[in-house]
2 protein chains.
Amino acid sequence: MNDKNISFTEENYMKAIFHLSENGQNEVFTNDISDYLKPKPASVTDMYKKLAQKNLITHVKYQGVRLTENGKKVALLVVRKHRLWEVFLVEKLKFHWDQVHEVAEQLEHIHSPLLIQRLDKFLGFPQYDPHGDPIPDEKGNMNVARKKTLEEATLGEKGVVVAVQDTNPVFLKHLDKLQIGLKCTLEITDKVEYDGSVEILINNFKRTIVSKQVARNIYISC
Amino acid sequence: MNDKNISFTEENYMKAIFHLSENGQNEVFTNDISDYLKPKPASVTDMYKKLAQKNLITHVKYQGVRLTENGKKVALLVVRKHRLWEVFLVEKLKFHWDQVHEVAEQLEHIHSPLLIQRLDKFLGFPQYDPHGDPIPDEKGNMNVARKKTLEEATLGEKGVVVAVQDTNPVFLKHLDKLQIGLKCTLEITDKVEYDGSVEILINNFKRTIVSKQVARNIYISC
DNA sequence: TATAATTTTTAGGTAACTCGAAAAAATAAT
DNA sequence: ATTATTTTTTCGAGTTACCTAAAAATTATA
Ligand SMILES: [Mn+2]
Ligand SMILES: [Mn+2]
Ligand SMILES: [Mn+2]
Ligand SMILES: [Mn+2]
């Protein structure tokens, strides 16, 4: 029984549970959601009850929640919508990659299967969003690219920037200033043991050092 | 003080008041809104109080409400967003003109000045929506076309279809079947006194009779 | 293993939007 | 000018999503 009457708020919880559980693999605890979405833990428990009753999650008292098959579908659809809209904003409306997330948070809640199907087609069935995150197709399948963070990469490794972990505008603007974006080629020219910062060569041309904090949030192909 | 914290529901009320007052000219009564948006009259009175407190309407007890200047601006922005999205759906996503209204009812509530500004540009600053309704510009000005209904038009008059009054899918699909759409040329070849139906010549080619009900809902240029 | 700290749930309450029933005001009919 | 009808408002109450404070369960520490 796929309850279509899912509210704005419920969709946000489903997406949060999906992300915090590594795409539905692990269980998610009350405080995780509270930290992520900002309602108090008591409110999270209330919502757990409602979502469990709608068969979107299974809730074992004091042991967290897991997405049901049904719930995974619901979450994947929200993620799909969010990412398709982000592509639209960047590709068609010339938004900058640090401007799209907030608006997509609203657009992802528009209910219309036809709209999403047509939008997907209009955009040429994109596989990745402006931050390199994979876009689920109408069945919920997505192409997860092989990738590692700059923190994980070892000296001498070279790859193309395929995604960013953090989509915070402050972080993305910082990358712009460093002239780092998706599709850039990066080569690890040094790894500073002292503070975990990484020296890189951008597009075989520009040399810079990025902090551990930054290195953790950039993915290159591998 | 232009209160930006306006809810989904409040926006719907503002738009309804705008339409039911002929673009803010007349006062609107409790039952008008109740019939139009479907909440019970008691709920309408509650909302009147809230909107009045936000300086969006003036409410004289038992005498209906009127939009304030501020309220008119808010309503016009919602109308602008609604109609721009309808253009997007038809022009870019190939929606049919009878499919757009429901989705636009959702999209009109997305809050993002940049989004609307960019969407407007992307669409080429359209003046009219897919039903011939004028689109307010960012200042709230709109080009109201000179027009009359087929019911008002007299025998022998000829004009181009510039708008439809009713945007109900059933009505629009009926027009499709009759091969009547925006930009069609219509000539009044007979007005039937008995039932108010109108005989027309479509694009100097096809002859049909439309009922008074239909004639009332088609606008031609004049 | 007993105690302390943390996490989660329950209990009770608020604000927004809705309702039905009843009271009040305005309008229409006698 | 009364009376009847219609419209609008008030009142009490339900729902959703949130809160704080307190209780219960789990996990960590001594
Ligand atoms: Mn995003
Ligand atoms: Mn993204
Ligand atoms: Mn419409
Ligand atoms: Mn329209």
Side-chain angles (χ1 to χ4, degrees), chain A residues 3-18 20-21 26-67 71 74-75 78 105-106 108-111, chain B residues 3-18 20-21 26-67 71 74-75 78 105-106 108-111:
Chain A
D3 198 346
K4 279 283 173 194
N5 290 99
I6 180 157
S7 74
F8 192 101
T9 308
E10 287 167 348
E11 284 191 335
N12 281 337
Y13 270 81
M14 292 308 293
K15 191 163 63 111
I17 296 169
F18 181 79
L20 293 171
S21 66
N26 316 322
E27 75 277 41
V28 176
F29 298 96
T30 304
N31 277 359
D32 299 337
I33 299 287
S34 179
D35 293 343
Y36 191 75
L37 292 183
K38 300 306 178 196
K40 300 298 173 196
S43 307
V44 175
T45 303
D46 284 350
M47 185 56 83
Y48 277 177
K49 284 182 188 154
K50 197 166 5 146
L51 295 175
Q53 230 221 306
K54 290 192 175 191
N55 280 304
L56 296 171
I57 60 176
T58 55
H59 182 207
V60 180
K61 264 192 196 170
Y62 295 96
Q63 300 299 136
V65 296
R66 306 191 86 102
L67 294 176
V74 168
V78 181
E105 283 292 312
Q106 298 178 61
E108 73 189 5
H109 302 292
I110 304 290
H111 293 299
Chain B
D3 197 344
K4 279 282 173 193
N5 289 98
I6 180 156
S7 74
F8 191 101
T9 308
E10 288 166 348
E11 286 191 334
N12 281 336
Y13 271 81
M14 292 308 293
K15 191 163 65 112
I17 295 168
F18 181 78
L20 292 171
S21 66
N26 316 322
E27 76 277 40
V28 176
F29 298 96
T30 305
N31 277 359
D32 298 338
I33 299 285
S34 178
D35 292 343
Y36 191 74
L37 290 182
K38 298 309 179 195
K40 300 300 170 192
S43 308
V44 175
T45 302
D46 284 351
M47 186 56 83
Y48 277 177
K49 284 183 189 154
K50 194 163 11 143
L51 294 175
Q53 229 220 307
K54 291 192 174 190
N55 280 307
L56 296 171
I57 60 175
T58 54
H59 182 207
V60 180
K61 264 193 197 171
Y62 295 97
Q63 300 299 135
V65 296
R66 307 190 85 103
L67 293 176
V74 168
V78 180
E105 283 293 311
Q106 297 178 63
E108 73 189 6
H109 303 293
I110 305 290
H111 293 298

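No hydrogens, no waters, no symmetry mates; every other heavy atom, side chains included, goes into these values. From a predicted model like this one, the values you see are computed outputs, not experimental measurements. Reminder, nothing fancy here: chain letters follow the sequence lines and each chain counts from 1.
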Nearest whole angstrom, please: distance from the [atom2] of [N] to the [atom1] of [X].
X: B/Asp46; N: C/dA15; atom1: CG; atom2: C1'; answer: 13 Å
X: A/Phe29; N: D/dA25; atom1: CZ; atom2: P; answer: 18 Å
X: A/Asn12; N: D/dC18; atom1: CG; atom2: C1'; answer: 14 Å
X: B/Leu51; N: C/dA16; atom1: CG; atom2: P; answer: 13 Å
X: A/Tyr13; N: D/dT16; atom1: OH; atom2: P; answer: 14 Å
X: A/Gln63; N: C/dT8; atom1: CD; atom2: P; answer: 9 Å
X: B/Phe8; N: C/dT18; atom1: CZ; atom2: P; answer: 11 Å
X: A/His59; N: C/dT8; atom1: NE2; atom2: P; answer: 9 Å

Minimum-distance nucleotide (side-chain atoms of [X] versus [options]):
X: A/Lys40; options: C/dT8, D/dC19, D/dC18; value: D/dC19
X: A/Thr30; options: D/dC18, C/dT9, D/dT9; value: C/dT9
X: B/Thr9; options: C/dT10, C/dC19, C/dT18; value: C/dT18
X: B/Tyr62; options: D/dT27, D/dT9, D/dT10; value: D/dT9

With a 4.0 Å limit, can you tell me whether [X] has a side-chain N or O closer than that to the phosphate oxygens OP1/OP2 of [N]?
X: B/Ser43; N: C/dC19; answer: yes
X: B/Thr45; N: D/dT10; answer: no
X: B/Asn31; N: D/dT8; answer: yes
X: A/Lys61; N: C/dT10; answer: yes

Using side chain to side chain contact (heavy atoms under 4.5 Å, CB included) as the criterion, point out the one residue from B/Val28, B/Ile57, B/Val44, B/Leu56 that pairs with B/Tyr13.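 Of B/Val28, B/Ile57, B/Val44, B/Leu56, side chain to side chain contact (heavy atoms under 4.5 Å, CB included) with B/Tyr13 is met by B/Val44 alone.
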Mind checking side-chain contact (heavy atoms from CB on, under 4.5 Å) for A/Pro41 and listing every partner two or more places apart, or none if nothing turns up?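 side-chain contact (heavy atoms from CB on, under 4.5 Å) check on A/Pro41 returns A/Thr30, A/Asn31, A/Ser34.
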Pairwise side-chain contact, B/Leu67 with B/Thr58, heavy-atom cut-off 4.5 Å (strictly under):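 Not touching, per the 4.5 Å side-chain cut-off.
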Using a cut-off of 4.0 Å on non-hydrogen atoms, how would the nucleic acid contact of B/Pro41 be classed: base, sugar-phosphate, or nothing?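 Here B/Pro41 touches the bases of the nucleic acid.
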Do the charged groups of B/Glu10 and B/Lys15 touch, with an N to O distance under 4.0 Å?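 No salt bridge links B/Glu10 with B/Lys15.
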Drop me the distance from A/Tyr48's OH to A/Ile17's CD1, to the nearest 0.5 angstrom.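 Reported value, rounded in 0.5 Å steps: 5.5 Å.
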